[in-house]
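Everything on this sheet refers to the single structure shown next.
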Amino acid sequence: MARHKIALIGAGQIGGTLAHLVGLKELGDVVLFDIAEGIPQGKGLDIAESAPVDGFDAKYQGANDYADIAGADVIIVTAGVPRKPGMSRDDLLGINLKVMEAVGNGIKQYAPNAFVICITNPLDAMVWALQKFSGLAPEKIVGMAGVLDSARFRHFLAEEFNVSVEDVTAFVLGGHGDDMVPLVRYSTVAGVPLPDLVKMGWTTQEKLDAMVERTRKGGGEIVNLLKTGSAFYAPAASAIAMAESYLRDKKRVLPCAAYLTGQYGIKDMFVGVPIVIGSNGVERIVEVSFSGDEKAMFEKSVASVQGLVDACKQINPALA
Ligand code: APR
């Protein structure tokens, strides 16, 4: 069987890390696309030259023409501008909406059957716009947010409890903003829910609340430290987990921004919910029930996403 073809639109910090991970995991051949000339070619060649050392086989091609993404099985989109200190994800809206239009047109023309993972922020609005511009079937396009947000939460929890990250599960719903909804009731250490661990004296409610808050602001914490860009290692790892589940038909249950058609009472929006990703793309949307507080938090988060989608429609009336 021929190798899979993976196109990465945007060859910046996340794009380069994605390209490296695709090789290390032997997921397929890589096309790195960017509007900047030389960068995708240079990063592709640099990674290809690491392959003999690490012992993986993958072809790398740098590209500045959308024709080169033709026939891609998976496309991961990071094209756009990342946050600078003091900027919210929403400040990026106008700039990155134009980028999504160009990327959507390229996908529509050259790779309309690909499974597309969007990372560009503000995520829930950008993946919504990209679906409209590309005309992709809603089950073939998702946004990467929840895997990253829950990985951050898992890291904080594993550190607090001094246990392996492998045994910590976390459940984060809603939009990829500061009002995302980490659900402690569904987050566990080896199956034991966090509220039980508080009762068992493993941590206190105050510390748990602080970890939830740190998770919500996890992206901003990195932006403030880096000063010149936003997180890239964990976002790239998260998108690769999603791509792998599609390419290997693993049917993993992952929190992603998915197109809702009435689930959770929401229509025509992408919101972070648990989904099953297999060879058909989004194969199932998991609907969990909320307690009163959780429902209010989820609704607040969805209202923020709705605000961003409305702002997109105002900037580009063709989306309305
Ligand atoms: N088409 C293709 N590539 C583009 C376009 C475009 N229209 N506009 C910008 N780019 C490229 C830039 O040239 C750059 O190489 O997108 C790349 C973005 O890379 P970085 O600036 O390094 O940003 P990165 O950290 O990778 O984050 C990308 O993901 O997490 C989100 O908020 C983040 O929206 C941002 C995106």
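One-based numbering, in listed order, for ligands and for the atoms of each.
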Between Lys217 and Glu221, does a salt bridge (Lys or Arg N to Asp or Glu O under 4.0 Å) hold up when you go through it step by step?
CA-CA 6 Å; Lys217 304 213 163 100; Glu221 183 176 3; over 6 Å; no
Passes salt bridge (Lys or Arg N to Asp or Glu O under 4.0 Å), Lys98 versus Glu101? Steps please.
CA-CA 5 Å; Lys98 286 208 178 67; Glu101 186 168 5; over 6 Å; no
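Between Lys251 and Asp249 there is a salt bridge, with a side-chain nitrogen of the basic residue lying less than 4.0 Å from a carboxylate oxygen of the acidic one. Look at Lys5 and Asp68 and you find no salt bridge, because none of the NZ, NE, NH1 or NH2 atoms lies under 4.0 Å from a carboxylate O.
Between Leu157 and the choices Val189, Val163, Leu208, the side chain to side chain contact (heavy atoms under 4.5 Å, CB included) rule is met once, by Leu208.
Residues Ile277 and Cys256 are in side-chain contact: their nearest non-hydrogen atoms beyond the backbone lie under 4.5 Å apart.
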Pairs of nitrogen or oxygen atoms, one from ligand 1 and one from the protein, closer than 3.5 Å: please tabulate them with distances.
residue	atom	partner	partner atom	Å
ligand 1	13 (O)	Asp34	OD1	2.6
ligand 1	15 (O)	Asp34	OD2	2.6
ligand 1	16 (O)	Gly80	N	3.3
ligand 1	22 (O)	Gln13	N	2.8
ligand 1	26 (O)	Gln13	N	3.3
ligand 1	26 (O)	Ile14	N	2.9
ligand 1	32 (O)	Asn121	ND2	3.1
ligand 1	34 (O)	Val81	O	3.4
ligand 1	34 (O)	Asn121	N	3.1

